[in-house]
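Notes to accompany the following structure.
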Amino acid sequence: QVHLVESGGGLVQAGGSLRLSCVASGPIFSIHSQGWYRQAPGKQRELVATVTSGGSTNYADSVKGRFTISKDNTLNTLYLQMNSLKPEDTAIYYCNLVKRIGVVRPSDYEYWGQGTQVTVSS
């Protein structure tokens, strides 16, 4: 079973920065993509940023130019550098990993971390 552990959340003032980390352990192979999602109180979980095994990235419009997703495969760690934080970035941030098994008829297996709270004060 893949296990994901996030860290790096906290309280920061608007305009500040935080870096989230997500360490993966277990049978880490056939990774299709990894990413960060967030869920604010009373709202649905939403995509923040993803990165494929090939290195292609995708960002939510609301974070483009402020957040950067990256990964260190040697450390099995995913990062999210968050700059110019805004109060509306306040949410629980979740790490996500998708494994794709099979070639002819591939199946995706999705894993989630427990989340880390990010609070941005105005």
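Note: hydrogens, waters and symmetry copies are ignored here, and every other heavy atom, side chains too, is used.
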Determine, using the 4.5 Å side-chain heavy-atom cutoff (strictly less than), whether [X] and [Y] are members of one ILVMFWY cluster.
{"X": "V98", "Y": "I101", "result": "no"}
{"X": "L85", "Y": "Y94", "result": "no"}
{"X": "V12", "Y": "V63", "result": "yes"}
{"X": "V51", "Y": "L4", "result": "no"}
{"X": "L97", "Y": "L78", "result": "no"}

For a quick test of reading the model, state the closest non-hydrogen atom pair linking [X] to [Y] and the distance between them.
{"X": "S53", "Y": "I31", "value": "CB-O, 3.3 Å"}
{"X": "A49", "Y": "Y59", "value": "CB-CD2, 3.5 Å"}
{"X": "S122", "Y": "A14", "value": "CA-CB, 4.3 Å"}
{"X": "Q39", "Y": "K43", "value": "NE2-O, 3.1 Å"}
{"X": "L47", "Y": "A60", "value": "O-CB, 3.4 Å"}
{"X": "A91", "Y": "R38", "value": "CB-CB, 3.8 Å"}

Check: [X] side chain, [Y] main-chain N or O, donor-acceptor pair, under 3.5 Å:
{"X": "T90", "Y": "V120", "answer": "yes"}
{"X": "T77", "Y": "L75", "answer": "yes"}
{"X": "T116", "Y": "G9", "answer": "yes"}
{"X": "E6", "Y": "Q114", "answer": "yes"}
{"X": "K99", "Y": "S107", "answer": "no"}

query = Looking at Q34, R45, E110, which one forms a side-chain hydrogen bond (donor to acceptor under 3.5 Å, both in side chains) with N96?
reply = E110
task = In plain terms, say whether K86 and D89 are close enough for a salt bridge, that is, a side-chain N and a carboxylate O under 4.0 Å apart.
result = no
inquiry  = Could you walk me through whether C22 and W36 satisfy the side-chain contact (heavy atoms from CB on, under 4.5 Å) test, starting with their C-alpha distance in whole Å, then the side-chain angles of each, then the deciding distance to 0.1 Å, before giving a yes or no?
reply    = CA-CA 9 Å; C22 172; W36 291 96; 3.7 Å; yes
message = What's the separation between atom CD in Q81 and atom CG in L18, rounded to the nearest 0.5 Å?
response = 8.5 Å
Worked check of side-chain contact (heavy atoms from CB on, under 4.5 Å) between Y93 and Q117 = CA-CA 6 Å; Y93 283 70; Q117 176 70 48; over 6 Å; no
task = Show the numbers, then the answer: is there a side-chain contact (heavy atoms from CB on, under 4.5 Å) between R100 and S30?
result = CA-CA 6 Å; R100 180 162 289 176; S30 299; 5.8 Å; no
ask   = Hey, are S17 and N83 close enough side-chain-wise for a donor-acceptor pair under 3.5 Å?
value = yes
inquiry  = Measuring centre to centre across the rings, with the benzene-like ring taken for any Trp, is W112 within less than 6.0 Å of Y37?
reply    = yes
key: Test: K71 cationic atom under 6.0 Å from Y79 six-membered ring centre, within 45° of axis   = no
